[in-house]
2 protein chains.
Amino acid sequence: MLTIGQLAAYTGVTVRAVRHYHQIGLLPEPERDAAGYRQYGATAVIALIKIRSLAEAGVPLSQIGHMLGADAASFAQAVQKIDDRLRDEIERLEASRKQIAQLAAGDSLALPPEVVAFLDRLREIGASERMVEAERDGWILIAARWRDQLGEIMPAKHAQLDDPLMVRLYQVGSALLEDGTVDDPRLVELADILAALAERAPPSSEEWGDDVAHDLIDSLLVEADPRSRRLLELLRERGWGGWSRPERLPRPPG
Amino acid sequence: MLTIGQLAAYTGVTVRAVRHYHQIGLLPEPERDAAGYRQYGATAVIALIKIRSLAEAGVPLSQIGHMLGADAASFAQAVQKIDDRLRDEIERLEASRKQIAQLAAGDSLALPPEVVAFLDRLREIGASERMVEAERDGWILIAARWRDQLGEIMPAKHAQLDDPLMVRLYQVGSALLEDGTVDDPRLVELADILAALAERAPPSSEEWGDDVAHDLIDSLLVEADPRSRRLLELLRERGWGGWSRPERLPRPPG
DNA sequence: ATGAGGGGTTGACGCTGCGTCAGGGTCAAG
DNA sequence: CTTGACCCTGACGCAGCGTCAACCCCTCAT
């Protein structure tokens, strides 16, 4: 007769595991001795080894009971289901590993490579690190909503950076982020640039559609830096509302 | 401003998940409106998307907090650790799949192929299915203790089956398992065969060592079939104790 | 005004497979 | 008699939410 510790040692499991199997009814409770100790015989050892070999093969404990009492056909069927489950799980983990590998490289936290390339471009034209981070956050919002269309959007954004006005926009923006105050004159310059750009390329509401995402991007600006309120005000003076998708405002009377 | 449901919809997570992230302090609790509803802004959306992209890459929630605030170096290091974890997990699951494939084939529940082959041999020489199951259980005990030595043990066992006496042993045993009674004369024949076999090949205690496993195997016999008590008694009369590893008994005085 | 339906709120249990205390009793040896 | 190594039961903890329960809030149609 074996104690629970000897049983556990013989079969290579922990005492706690054995008690757990009792608790869930997988292994029947054996007789007790005078002191209340469980006493195991050979059949218990065999049952436990069978349980472990199924468990180690990835069978959930809740199914092992059925499988041990099943005929060959339904056993094989159950095995097939387990194997499918394992395959799915492995696939999911391998997908995770690919994701992880992506994350290891650069800004790509949640961003596709086209956008990462764009951010790198920004650094090249002299945008500060804080500016790039702000842009990155904006692109996270955009990517969440229009991930599939990024392939069409990004080339246009790249092209815009050939425009010296756009370059100036990011440079002034970077400088402001570093040390600007609420009444910095460069805010006016920024507003002028934005108005000029909006004038040049009027928003085509068709392709973007109106969406909560634009509001989010606008509010991101405000949340990121309180000075942006002043900027939006200056933009309104110049006849433009919004920022991520500027709209022509009705000219105020007078 | 977004409600929790809108936030969840935008980022593709469940409402419950968002609340969970609040609970564990991963996502800061936002302001509430007059009714107590949570109100989310753009930064919350961005934070949540970052969290999800790490979580989907297999990063445990408990680590995501650290990683979001880490510099590039320790971020990369953390990523490495996650990747190692994922690799281990995948390996474990693939090992499980191999086990499962083994289980799908035959008796192999917890048994290596050499033993399965031996059991098949038993069927060929006319052992009944119940006899084979009893043997299989015995081998489960043996394999648990001497798995590494099975490669040396099994050839000898195979060879023993060339002995007509051994064949007769299994055949009589099979017959007894089906319909024998406690005073069946075939029990005597069985005892004679066992004694003769023990005489012929005395146990070499060196190679097996004395062990709890033998006691288990002996007790397995008794637990499996109460008639075996009579058999052991007959064996003792013939000067042999035990069964899995018979020992010469001191001849009783007189 | 009222009721229905579709939001939101907190709180708590459930799942898997045990690990790990806590707070005891038991047993063999020195 | 003490010590140390076992055994016992009971209960919380773990990851990442799913899923009630019981209640509040808002809006729209009747």
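Atom set for the values below is all heavy atoms of this structure, side chains included, hydrogens, waters and symmetry mates excluded.
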Rounded interatomic separation in angstrom, taking CD from B:Q23 and P from D:dG18: 13 Å
Are A:R97 and B:D84 ion-paired here, with the side-chain N under 4.0 Å from a carboxylate O? no
Measure the distance from CG on B:L7 to P on C:dG7 and round it to the nearest whole Å. 15 Å
Any non-hydrogen side-chain atom of B:D137 less than 4.5 Å from a side-chain atom of B:E133? no
From CG of A:L54 over to P of C:dG17, roughly how many Å is that when rounded to an integer? 12 Å
Closest contact, heavy atoms only, B:L111 versus B:V115: CD1-CG1, 3.9 Å
Can you tell me if the side-chain N/O atoms of B:Y21 get under 4.0 Å from OP1 or OP2 in D:dG16? no
Protein-nucleotide distance (B:H20, atom NE2; D:dC14, atom C1'), rounded to Å: 11 Å
Indicate the ring-plane relationship of A:Y40 and A:H22, choosing parallel, tilted or perpendicular according to the 30° and 60° boundaries. parallel
For A:Q63 and C:dC15, give me the distance from atom CD to atom P, rounded to whole Å. 15 Å
Atom NE2 of A:H22 and atom C1' of D:dC7 are separated, to the nearest Å, by 13 Å
Should the heavy atoms of other residues, nucleotides or ligands under 6.0 Å from CZ of A:R229 be counted, would the total exceed 12? no
Classify the nucleic acid contact of B:R85 as base, sugar-phosphate or nothing, counting any heavy atom under 4.0 Å across all strands shown. nothing
Measure the distance from CD on A:E89 to C1' on D:dA15 and round it to the nearest whole Å. 13 Å
Give me the distances for all protein-to-nucleotides 8-12 of chain C N/O pairs that come in under 3.5 Å?
unit_1: C:dG8; atom_1: OP1; unit_2: B:T3; atom_2: OG1; d: 3.3
unit_1: C:dG8; atom_1: OP1; unit_2: B:G5; atom_2: N; d: 2.5
unit_1: C:dT9; atom_1: OP1; unit_2: B:R38; atom_2: N; d: 3.1
unit_1: C:dT9; atom_1: OP1; unit_2: B:R38; atom_2: NH1; d: 3.0
unit_1: C:dT9; atom_1: OP2; unit_2: B:R19; atom_2: NH1; d: 2.5
unit_1: C:dT9; atom_1: O3'; unit_2: B:R32; atom_2: NH1; d: 3.4
unit_1: C:dT10; atom_1: OP1; unit_2: B:R32; atom_2: NH1; d: 3.3
unit_1: C:dT10; atom_1: OP1; unit_2: B:R32; atom_2: NH2; d: 2.9
unit_1: C:dT10; atom_1: OP1; unit_2: B:R38; atom_2: NH2; d: 3.3
unit_1: C:dT10; atom_1: OP2; unit_2: B:R38; atom_2: NH1; d: 3.1
unit_1: C:dT10; atom_1: OP2; unit_2: B:R38; atom_2: NH2; d: 2.9

Mind calculating the distance between CG (B:L2) and P (C:dG7) to the nearest angstrom? 15 Å
Taking OP1 and OP2 of C:dG19, is either one under 4.0 Å from a side-chain nitrogen or oxygen of A:T14? yes
State whether B:E233 and B:R230 are salt-bridged, where the test is any N-O pair (Lys NZ or Arg NE/NH1/NH2 against Asp/Glu carboxylate O) under 4.0 Å. yes
Hey, is CD on A:Q77 packed in by over 12 heavy atoms from elsewhere, all under 6.0 Å? no
